[in-house]
Amino acid sequence: MLVLGLETSCDETGVALYDTDRGLLSHRVYSQIAVHAEYGGVVPELASRDHIRKGLPLIREVMDEAGIALDQLDGIAYTRGPGLVGALLVGACLGRTLAWSLQKPAVGVHHMEGHLLAPMLEDEAPEFPFIALLVSGGHTQLVKVAAIGEYELLGESLDDAAGEAFDKAAKMMGLPYPGGPALSKLADEGDATRFAFPRPMTDRPGLDFSFSGLKTFTRTTILNCAVDGVLSEQDKRDISAGFQAAVVDTLAIKCKRAMKQSGVNRLIIAGGVGANRSLREKLRDTAESMNGQVFYPRPELCTDNGAMIAYAGAQRLLAGESSELAVSCVPRWPMTELTPVDAHG
């Protein structure tokens with residue numbers, strides 16, 4: 001089955017072609033970082049307009065690169081939610097209209113299911129069941145995955161997502177947008193032991209997360225270090241290193257706990273923060289210490305992309321799912337509401 005995937009949940013326009021026999025044929029991602037940089041965050045209306053501007057050109061690029069004509073498609077997958085409603089509507093309208101014009105089936109995909117299944121696009125893909133750490137700017141969740149569509153939420157952030165905490169900590173230090181990657185780069189040059197950052201909620205049972213305390217500790221540390229309101233470059237490096245180490249340690253502790261409690265020793269990490277080198281190394285060591293394995297998508301498939309939507313959509317189209325002609329999006333959509341693909345076939 002040859003599926004075109006469209007991702008427009010936030011500030012990246014992703015388009016990809018996935019074939020269930022040949023794998024990922026082509027994909028493109030357009031980032032809107034330059035559009036939103038001057039505002040210090042995503043402006044929903046501007047995001048929607050840019051998706052409109054880039055959607056069709058990216059589809060043409062992907063189809064041309066793969067040497068595929070539109071009438072060769074077997075189906076179209078688009079992100080139905082969660083995300084920014086205006087951005088979601090752009091992709092949903094584009095995907096559903098294109099499918100109608102070609103008389104092909106279309107299916108709306110859950111954004112986080114796409115992230116969760118992204119490691120399946122790699123040569124070394126995990127077998128079910130596994131524990132998934134979904135960690136991005138909008139979500140931090142631990143999920144037990146028995147099969148596609150069979151998800152048990154084990155824990156989640158009670159406040160900010162990990163990626164959001166990275167961005168906010170970076171903003172406090174005046175780092176450029178987007179702050180998370182800038183903070184991680186500084187952290188590689190800093191001393192993570194200089195400041196005693198806490199590892200929140202690791203001293204109590206459970207698998208939920210909280211990162212608000214880390215932000216407060218960061219703000220207090222900045223105020224104590226700043227001279228006339230200005231941080232030295234070394235202070236920035238050391239605060240970044242301490243902050244990153246605290247987040248990475250916290251995530252690793254909770255992953256290890258989830259693997260022990262569930263009896264599952266396969267772990268995947270997906271989402272934008274999954275590209276963080278320090279986190280990958282820590283979770284690799286954590287899994288190996290439990291005679292387990294850890295799986296990641298390649299870094300370019302950690303951030304939002306059309307490939308993960310095409311893959312997830314293909315699995316549901318193969319199971320006989322399709323979306324109705326009327327376009328509907330779900331800005332808030334718990335992943336546990338999804339149905340197993342086996343229920344359709």
Side-chain angles (χ1 to χ4, degrees), residues 9-11 36 39-42 44 81-85 110-112 115-116 131-144 151-173 175 177-184 187 192 195-223 239-258 261 269-276 278-279 282-283 302-304 330-337:
S9 66
C10 191
D11 62 339
H36 304 286
Y39 303 100
V42 177
L84 302 175
V85 65
H110 194 289
H111 178 75
M112 296 310 295
H115 275 304
L116 184 149
I131 300 298
L133 173 65
L134 303 177
V135 58
S136 66
H139 298 82
T140 300
Q141 297 177 329
L142 275 168
V143 181
K144 182 179 179 180
Y151 307 130
E152 179 187 353
L153 180 64
L154 302 177
E156 62 185 338
S157 179
L158 304 178
D159 38 62
D160 290 347
E164 186 179 5
F166 263 91
D167 289 340
K168 289 182 177 179
K171 192 171 185 178
M172 291 178 203
M173 290 186 285
L175 302 183
Y177 176 87
L183 186 150
S184 293
F195 303 108
F197 276 82
R199 273 55 175 168
M201 296 184 68
T202 57
D203 58 349
R204 66 187 77 174
L207 296 170
D208 288 329
F209 304 90
S210 173
F211 297 105
S212 60
L214 280 179
K215 291 189 306 178
T216 301
F217 188 93
T218 301
R219 184 178 296 108
T220 301
T221 304
I222 290 171
L223 291 173
I239 293 171
S240 296
F243 179 89
Q244 177 173 272
V247 173
V248 166
D249 285 351
T250 299
L251 293 172
I253 290 168
K254 293 300 178 84
C255 285
K256 185 174 184 177
R257 190 177 294 176
Q261 291 180 7
I269 175 173
V273 182
N276 183 284
S278 179
L279 179 61
K282 184 73 173 182
L283 290 181
C302 286
T303 54
D304 295 349
V330 190
R332 296 182 182 274
W333 188 7
M335 196 164 58
T336 50
E337 293 181 0

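If you're wondering where the values come from, they're calculated on a predicted model, not measured in any experiment.
Annotation for C302 and H115: closest pair O-CE1, 3.1 Å, computed over non-hydrogen atoms. Residues P82 and S9 approach most closely at O-CB, 3.7 Å, considering heavy atoms. Minimum heavy-atom separation, T218 to A169: CG2-CB, 4.2 Å. Across P198 and A246, no two heavy atoms sit closer than the pair O-CB, 3.4 Å. Residues F211 and A165 share a closest heavy-atom pair of CB-CB, 3.9 Å. The two residues A162 and V135 come nearest to each other via the heavy atoms CB-CG2, 3.6 Å.
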**OP:** Check the pair I239 / F217 against side-chain contact (heavy atoms from CB on, under 4.5 Å), numbers first and verdict last.
**Re:** CA-CA 10 Å; I239 293 171; F217 188 93; over 6 Å; no
Original post:
Checking side-chain contact (heavy atoms from CB on, under 4.5 Å) for the pair Y151/L116: CA distance, chi angles, key distance, verdict?
Top reply: CA-CA 10 Å; Y151 307 130; L116 184 149; 3.9 Å; yes
**OP:** Dump the intermediate steps for side-chain contact (heavy atoms from CB on, under 4.5 Å) on E337 and H110, then the final yes or no.
**Re:** CA-CA 10 Å; E337 293 181 0; H110 194 289; over 6 Å; no
**OP:** Assess whether side-chain contact (heavy atoms from CB on, under 4.5 Å) is satisfied between E156 and D208, documenting all intermediate values.
**Re:** CA-CA 5 Å; E156 62 185 338; D208 288 329; 4.2 Å; yes
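Atom CH2 of W333 sits about 12.0 Å away from atom NE2 of H111, to the nearest 0.5 Å. Distance check, rounded to the nearest 0.5 Å: CD1 of I269 to CG of N276 gives 8.0 Å. Between the CD atom of Q261 and the NZ atom of K144 there is a distance of 11.0 Å, given to the nearest 0.5 Å. Interatomic distance, M201 CE to T250 OG1, rounded to the nearest 0.5 Å: 10.5 Å. A distance of 3.5 Å separates OG in S240 from CG in L183, rounded to the nearest 0.5 Å. Atom CZ of F166 and atom OG of S136 lie 12.5 Å apart (nearest 0.5 Å).
Residues L214 and D160 fail the side-chain proximity criterion, which asks for heavy atoms closer than 4.5 Å. Put simply, the side chain of L142 does not reach to within 4.5 Å of the side chain of R257, judged on heavy atoms. Residues V247 and F209 fail the side-chain proximity criterion, which asks for heavy atoms closer than 4.5 Å.
Atom NZ of K254 has more than 12 heavy atoms from other residues, nucleotides or ligands within 6.0 Å. No more than 12 heavy-atom neighbours from other residues, nucleotides or ligands sit within 6.0 angstrom of NZ on K256.
Between F195 and F197, the ring planes lie perpendicular to each other; the angle is over 60°, past the 30° to 60° tilted range.
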